[in-house]
Structure formats: C-alpha cells, structure tokens
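Working notes, structure below.
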Amino acid sequence: MPPSSRTSHRTARLVVLVSGGGTNLQALIDATTASKDSPTAPDHDAEIVAVGADRDDIEGLARAERAGIPTFVVRTSDHDDRADWDVALADAVAAHDPDLVVLAGFMKLAGPAFLGLFGGRTINTHPSLLPSFPGMNAPRDALDHGVKITGATLIVVDAGVDTGPIIAQVAVPVLDDDDVETLHERIKTEERAMLVDWVGRLAHEIVDHRTTTSGEAS
Ligand code: GAR
C-alpha cells in the first residue's frame, strides 16, 4: 500500500463503499469505534471517516448514520455515462482524504479516474475463493458448479472484475442442503472476520510507516 503523506494522525483514514446491507461495514464500525459494551476504543488503528454508496435507502448507509459517520451517495443515474460517474465517485471519496478505501459489498466496478487516485490502496472483499466465481453472484455460481469448498477473498482492486492481487482468503465448506442464502451467510461470517483482521493489519502498517517516516515516536 502506498503511504499517505499525512503525518499528524495516529489512525489510518478509511472510506468504505457499500451497495447493500452493510454487515461487513458494521463489523468494521464495531472494530474501529468505542461502544457502551466496549467503552475503550478497540485495538484498531483505523478510523472510518466516511461511508459512500451508489444508491439511496440501503441499510449500509443507515448503519453509518447510526454510528455518526458521514455518508455520501453517487448514483450512476445522476451522470451522463459511466466515465462521468467514475470521476464523481473519485471526487466524493477524495473529499474525505482516505489512506485506504474499502469496497464492502460495493456492486460497481472502479473506473480509471477512481483507480488513478486510489489504485493500490483500494481493497475489495468478495464471497468466493478467487479466481473462482468472480462477479455479482459468487455464492450462486459456486452452488451451481457443485464445489464442496468455497470462501471469501480480499483483493487489491485493479481494473478487472475481481482480478486484483490476493491479500487474504478464508475457506468455507458447502453443505449438501445449502441454498444461496445459507451459503452466503456462512461465507459472510468468515468474511467479516477476515476483513476486520486485514483492515487492522493494513491500518497498522500505514500508521507505522507514517510514524517512521515522520520521526514521531509510536
Ligand atoms: C459480501 O459477501 C461481499 O463479499 C459481496 O457482497 C456481500 C455484501 O454483504 N460482494 C460482492 O459480491 C462483490 N462482487 P454486506 O452488505 O452484508 O456486507
């Protein structure tokens, strides 16, 4: 991950992008914010500075709002074409000056403008063992193919469809009586743990690098 030029913060700034229910986002919120059950800030070097979406009225945005995290929406329908939308999304994310962008159930492809600003520091969690079953319907595709083991993969986002370098993977068994929903829920349980773990590691690396290069004591 390229380091941020910022030197004054002890946490890595995250922007999380969502398109749906946002349970992965919730896991990150829980890991990065103090709550009444966990009154001291968790041992996590990340701070979610904004949550963005490509659509309104989704539980992912509501989760952010309940946590007091700023939100923004960049709809494709408000733009002439995908290229314009891509520029608008890049601008909206850039306004929050993130160190790391996390796609957590974000169902759009990052375009060249977005990758020009955030390539190499955008990660995506996906519900299959890539390179098997890229795309929007990974649990269904895994069931249709009849695999006995699937899982989740965390990648660095590139211009392809779920083709970027693999950061981490977790395996999940497919049970004989699984349907798409039961399989996806079992995957998501493991996926959330993997995401929280690796966002923590990457955030730690970012803060560590910043501290070292700025000469601050850690
Ligand atoms: C997650 O399983 C995520 O991997 C998947 O959407 C789900 C979102 O769940 N993303 C993709 O399929 C992207 N190709 P959530 O909204 O409950 O976090």
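Both counts, for ligands and for their atoms, begin at 1 and track the order of listing. Positions are given from 1, in the same order as the sequence printed here.
The existence of a salt bridge linking E47 and R10 is excluded, since no basic side-chain nitrogen approaches an acidic carboxylate oxygen closer than 4.0 Å.
When I48, V101, I29, L100 are each tested for a side-chain contact (heavy atoms from CB on, under 4.5 Å) with V16, only one passes: I48.
For a heavy-atom separation below 4.0 Å, the residues in contact with ligand 1 are G21, G22, T23, N24, G105, M107, T125, H126, P127, G135, H184, K188, E191.
Residues L183 and V174 have side chains in contact (heavy-atom distance under 4.5 Å, counting atoms from C-beta outward).
Using modelled atom types, one finds no donor on one side chain facing an acceptor on the other under 3.5 Å when comparing D208 with T211.
Put simply, the side chain of D45 never gets that close to the backbone of A203: no donor and acceptor are under 3.5 Å apart. Judged by distance alone, the side chain of R55 and the main-chain N or O of V18 form no donor-acceptor pair under 3.5 Å.
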